[in-house]
Amino acid sequence: QVQLVESGGGLVQAGGSLTLSCAASGLTFSRYHMGWFRQAPGQEREFVAAIRWSVSYADSVKGRFAISRDNAKNTVYLQMNSLKPEDTAVYYCAAGERLGTEAGSSDYWGQGTQVTVSS
């Protein structure tokens, strides 16, 4: 069945960088919109970025994060630069035939990877 596995999370100082990866299996990867959402303690899951032919970003990460995909490897990436403490959250990989900015639009989810940014 469909499986999304995230990796690359960790602890980083403010201003640093991390790259998250999401390996997908069980679906025709190139046919799906792929995206990243995040959820901080006490907060709702929020949209971060999405990609199929074009890319979309939340205003809070524009200019700092970059989403990309490698269809040959069935993998989507999230390059995170100039990280801020407010970026601290569990980051979830998402896949959907019609993926929007609401978490409910996703068809499949990864288990999440923790990103912690220290000040």
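- W109 and V115 fall into different hydrophobic clusters, where Ile, Leu, Val, Met, Phe, Trp and Tyr are joined by side-chain heavy atoms under 4.5 Å apart, directly or via other members.
- To the nearest 0.5 Å, atoms CG (L78) and OH (Y57) are separated by 8.0 Å.
- Put simply, OH on Y77 and CG on D70 are 5.0 Å apart, with the number rounded to the nearest 0.5 Å.
- For the residue pair T19 and Q79, a side-chain donor N or O sits within less than 3.5 Å of a side-chain acceptor on the partner.
- With sequence neighbours excluded, the residues satisfying side chain to side chain contact (heavy atoms under 4.5 Å, CB included) with D87 are R38, R64, F65, L83, K84, Y91, V117.
- Checked against ring pair (Phe, Tyr, Trp, His ring centres under 6.0 Å), F47 has the following partners two or more places apart in sequence or in another chain: F37.
- A single hydrophobic cluster is seen to contain both Y32 and F29, as judged by linkage of ILVMFWY side chains at heavy-atom distances under 4.5 Å, directly or through other members.
- The distance from atom OG of S56 to atom CD1 of I51, rounded to the nearest 0.5 Å, is 10.5 Å.
- For the residue pair S17/N81, the side-chain donor-acceptor check at 3.5 Å is satisfied.
- Annotation for Q114: atom CD counts as buried by contact number, over 12 foreign heavy atoms lying within 6.0 Å.
- Clustering of Ile, Leu, Val, Met, Phe, Trp and Tyr by side-chain heavy atoms under 4.5 Å joins V5 with none of the others.
- With a 6.0 Å radius and a threshold of 12 heavy atoms from other residues, nucleotides or ligands, E86 has its CD atom above the threshold.
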Test log, rule side-chain contact (heavy atoms from CB on, under 4.5 Å), inputs C93 and V76: CA-CA 8 Å; C93 182; V76 61; 3.8 Å; yes
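- Judged purely by atom type and a 3.5 angstrom limit, E6 uses its side chain to pair as donor or acceptor with the backbone of G112.
- Taking CZ of R69 as the reference point, atom NE2 of H33 lies at 8.5 Å (rounded to 0.5 Å).
- The nearest pair of heavy atoms linking L99 to M34 is CD2-C, 3.7 Å.
- How far CZ of R31 is from CG of N71: 12.0 Å, rounded to the nearest 0.5 Å.
- Separating the OG atom in S106 from the CZ atom in R45 is a distance of 8.5 Å, to the nearest 0.5 Å.
- No path of Ile, Leu, Val, Met, Phe, Trp and Tyr side chains, each step under 4.5 Å between heavy atoms, connects Y108 with Y92, placing them in separate hydrophobic clusters.
- Cluster annotation: V12 and L20 are assigned to the same hydrophobic cluster (Ile/Leu/Val/Met/Phe/Trp/Tyr, side-chain heavy-atom contacts under 4.5 Å, transitive).
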